[in-house]
Asker: 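A single structure is presented below for examination.
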Amino acid sequence: MSRKEENKVVPMEDPNPSSAGGGFGLKNKAGGSWSWILMDASGEELVLEVDKYAIMHRVGIHARDLRILDPLLSYPSTILGREKAIVLNFEHIKAIITAEEVLLRGPLDDNITPVVEELRRQLKPKSVNGEDSIVDRESVPLHDTETGEEDESPFELRALEVALEAICSYLAARTIELETAVYPALDMLTSKISIRNLDKLRKLKSQMTRLTARVQKIRDELERLLDDDDDMADLYLSRKSVGGSSPAANSFLHSPEIASKISRVSRASVISTVRGDENDVEGLEMLLEAYFVQIDDTLNKLTTIREYIHSTEDYINIQLDNRRNQLIQLELYLGSGTLSLSLYSLVAGIFGVNIPYTWNTGYGYLFKWVVILTGIFCALVFISIISYARYKGLVGNWLHDSRTEENLDGTSHGKTQAFLM
């Protein structure tokens, strides 16, 4: 790699200039370069424009692992522990974590900027004046050194914690935004059922479904790691690197040349390796459990929102059913009235036929009685139909139904306000 220049774009040289293809330039043109920000344990930063082959050679991962970080491909949220790196794919957070550095994709993205700032704060070296002197370290007993060092997590776990905190906070913020938009929309819909309110609820429900799926993927991945101690042990990169490269751990610890280069976190990992607790994943398990609880709480909020939406939909369906019942009652009244008027029209039509009958003349005084008796008969038919419908429970009291609906509206609004409080 070319010399490090902080906060500048520095291309990475081809690790094998004699390889086929004529070096990094041709590979960059063929495969396309990705923008990365590199942050190491010493606090140095470097913005890189490199292709995937240079990244694969630098961190020692395969192409299939790097494809997970390709934004053009759709992969679920994943935490992969490899021999020398952790491949992390959390929504917009796509990173490769090693025992000494972090490579984060898309440093200019607005969603990545808070992650970069948090990495700067968390990965900032504790000592500004440099490493403690070797004489001071040798004058302190080894068990005291272990007690002070063990409180610090390895570099890769601190970087992983930043990524988990960022994605959990991001999804929690999106959930709160959805929550503040859903409840007023539901309250408005219960007060007035309209096409506009229903369309707004449909969009919010679609947004909630997508957000629930995203949160569920993060939760499933954390649950998978918590259920497998071997996968959690693979995330201790410092422990694996020390165990594989140092057959004599004590000489490694007390070597002045090496001790001046490794960080406090690396020395803590060495100490844990010397003590023989390579399979101890309690620290990582506690870390994952904390964020598992946080993401599970976010999922519970989304579940509550979904249940409240379903309850509102049930209430709306009840209201629509009530409207349909009222329309059916109105149709029954209109049909009964139409039948009665048809009978009246039938009598009028019979007497209105222009046919010479003897009883058409000389009986004019009977006209009013025919009209009155026919009207009474039609009214009795109408009343009989409505009475039979009431007896069978097919129609109810409109006044009672309207009052019941008003009571239901008031109860629903009261429940909505109580839920929001």
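The first residue in the sequence is number 1, and the count goes up from there.
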Asker: Please step through side chain to side chain contact (heavy atoms under 4.5 Å, CB included) for the pair Glu100 and Ser42, ending with a clear verdict.
Answerer: CA-CA 9 Å; Glu100 298 177 352; Ser42 62; over 6 Å; no
Asker: Do Ile193 and Ile316 touch side chain to side chain, with heavy atoms closer than 4.5 Å?
Answerer: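 Yes; the side chains approach each other to less than 4.5 Å.
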Asker: Which value, rounded to the nearest 0.5 Å, describes the distance between Arg306 atom CZ and Leu211 atom CG?
Answerer: 11.5 Å
Asker: Run the ring pair (Phe, Tyr, Trp, His ring centres under 6.0 Å) test against Tyr291 and tell me which residues pass, sequence neighbours left out.
Answerer: none
Asker: Can you spot which of Thr190, Val182, Asp187 makes a side chain to side chain contact (heavy atoms under 4.5 Å, CB included) with Thr312?
Answerer: Thr190
Asker: For the side chain of Ser342 and the backbone of Leu339, is there at least one donor-acceptor N/O pair under 3.5 Å apart?
Answerer: yes
Asker: Using the ring centroid of each side chain, check whether Tyr170 and Phe90 are separated by less than 6.0 Å.
Answerer: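 Not close enough - the centres of the two rings lie 6.0 Å or further apart.
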Asker: Does a salt bridge link Arg214 with Glu91, judged by any charged N lying under 4.0 Å from a carboxylate O?
Answerer: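 Looking at Arg214 and Glu91, the cut-off is met.
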Asker: Nearest 0.5 angstrom please: Ile96 CD1 to Leu69 CG, how far?
Answerer: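 Answer rounded to 0.5 Å: 5.0 Å.
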Asker: Looking at CD1 of Ile79 and CG of Leu164, how far apart are the two atoms once the value is rounded to the nearest 0.5 Å?
Answerer: 5.5 Å
Asker: Is Arg390 close enough and on-axis enough to Tyr388, meaning under 6.0 Å and within 45°, for cation-pi?
Answerer: no
Asker: Assess whether a salt bridge exists between Arg158 and Glu161, defined as any Lys/Arg side-chain N lying under 4.0 Å from an Asp/Glu carboxylate O.
Answerer: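 Answer for the salt bridge query: no.
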Asker: Would you say that Glu117 contacts Gln122 through its side chain, given a criterion of any heavy-atom pair below 4.5 Å between the two side chains?
Answerer: no
Asker: Run the side chain to side chain contact (heavy atoms under 4.5 Å, CB included) check on Asn322 and Gln319 step by step: do they pass?
Answerer: CA-CA 5 Å; Asn322 188 31; Gln319 280 190 324; 5.6 Å; no
Asker: For Tyr236 and Leu284, indicate whether the former's side chain and the latter's backbone hold a donor-acceptor pair under 3.5 Å.
Answerer: yes
Asker: Is there a donor-acceptor contact under 3.5 Å from the side chain of Ser191 to the main chain of Met188?
Answerer: yes
Asker: Which is it for Asp199 and Lys203 under the salt bridge (charged side-chain N to carboxylate O under 4.0 Å, His left out) test, yes or no, and what are the steps along the way?
Answerer: CA-CA 6 Å; Asp199 185 66; Lys203 294 179 180 178; 3.5 Å; yes
Asker: Would you check, one step at a time, whether the test salt bridge (charged side-chain N to carboxylate O under 4.0 Å, His left out) holds for Asp227 with Arg224?
Answerer: CA-CA 5 Å; Asp227 291 339; Arg224 181 189 66 82; over 6 Å; no
Asker: Measuring from atom CZ of Arg105 to atom CG of Asn89, what distance do you get when rounded to the nearest 0.5 angstrom?
Answerer: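 The CZ atom of Arg105 sits 10.5 Å away from the CG atom of Asn89.
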Asker: Show the numbers, then the answer: is there a side chain to side chain contact (heavy atoms under 4.5 Å, CB included) between Val59 and Lys84?
Answerer: CA-CA 7 Å; Val59 299; Lys84 298 181 180 179; over 6 Å; no
Asker: Between CG of Leu103 and OG1 of Thr98, what distance do you get to the nearest 0.5 Å?
Answerer: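 Answer rounded to 0.5 Å: 7.0 Å.
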Asker: Check the pair Thr78, Glu221 against side chain to side chain contact (heavy atoms under 4.5 Å, CB included), reporting the backbone distance first and the verdict last.
Answerer: CA-CA 6 Å; Thr78 309; Glu221 182 64 19; 4.2 Å; yes
Asker: Please tell me whether Tyr333 and Gln329 have a donor and an acceptor in their side chains that are separated by less than 3.5 angstrom.
Answerer: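 On atom types as modelled, these side chains do not qualify, holding no pair under 3.5 Å.
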Asker: Given Trp36, which of Leu104, Val102, Ile55 fulfils the side chain to side chain contact (heavy atoms under 4.5 Å, CB included) condition?
Answerer: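 The passing option is Ile55.
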Asker: Below 4.0 angstrom, N of the basic side chain to O of the carboxylate: do Asp70 and Arg67 qualify?
Answerer: no
Asker: Compute whether any side-chain donor of one residue and acceptor of the other, for Thr303 and Glu307, lie under 3.5 angstrom apart.
Answerer: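 Short answer, no.
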Asker: Decide if atom OH of Tyr75 counts as having more than 12 heavy atoms of other residues, nucleotides or ligands within a radius under 6.0 Å.
Answerer: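 Yes, the 6.0 Å shell around OH holds more than 12 heavy atoms from other groups.
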Asker: Between Asp234 and Arg82, does at least one N-O distance fall below 4.0 Å, as a salt bridge requires?
Answerer: no
Asker: Would you check if the side chain of Asp296 reaches a backbone N or O of Phe292 as a donor-acceptor pair within less than 3.5 Å?
Answerer: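 Side chain of Asp296 to backbone of Phe292, a donor-acceptor pair under 3.5 Å: no, none is there.
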Asker: Side chains of Ser194 and Asn197: do they bring a donor and an acceptor to under 3.5 Å?
Answerer: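 Checked: Ser194/Asn197 side chains pair up, N/O donor to acceptor below 3.5 Å.
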Asker: Does His62 reach the side chain of Met56, with side-chain heavy atoms less than 4.5 Å apart?
Answerer: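 When only atoms from C-beta onward are counted, Met56 and His62 do not touch, as no gap falls below 4.5 Å.
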Asker: Taking NZ, NE, NH1 and NH2 as the nitrogens, is one of them in Glu223 or Arg219 under 4.0 Å from a carboxylate oxygen of the other?
Answerer: yes
Asker: Would you give the length of the straight line joining atom CG of Leu237 to atom CD1 of Ile97, rounded to the nearest 0.5 angstrom?
Answerer: 8.5 Å
Asker: Decide if atom CG of Leu334 counts as having more than 12 heavy atoms of other residues, nucleotides or ligands within a radius under 6.0 Å.
Answerer: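 Yes - once you tally the heavy atoms of other residues, nucleotides and ligands closer than 6.0 Å, there are more than 12.
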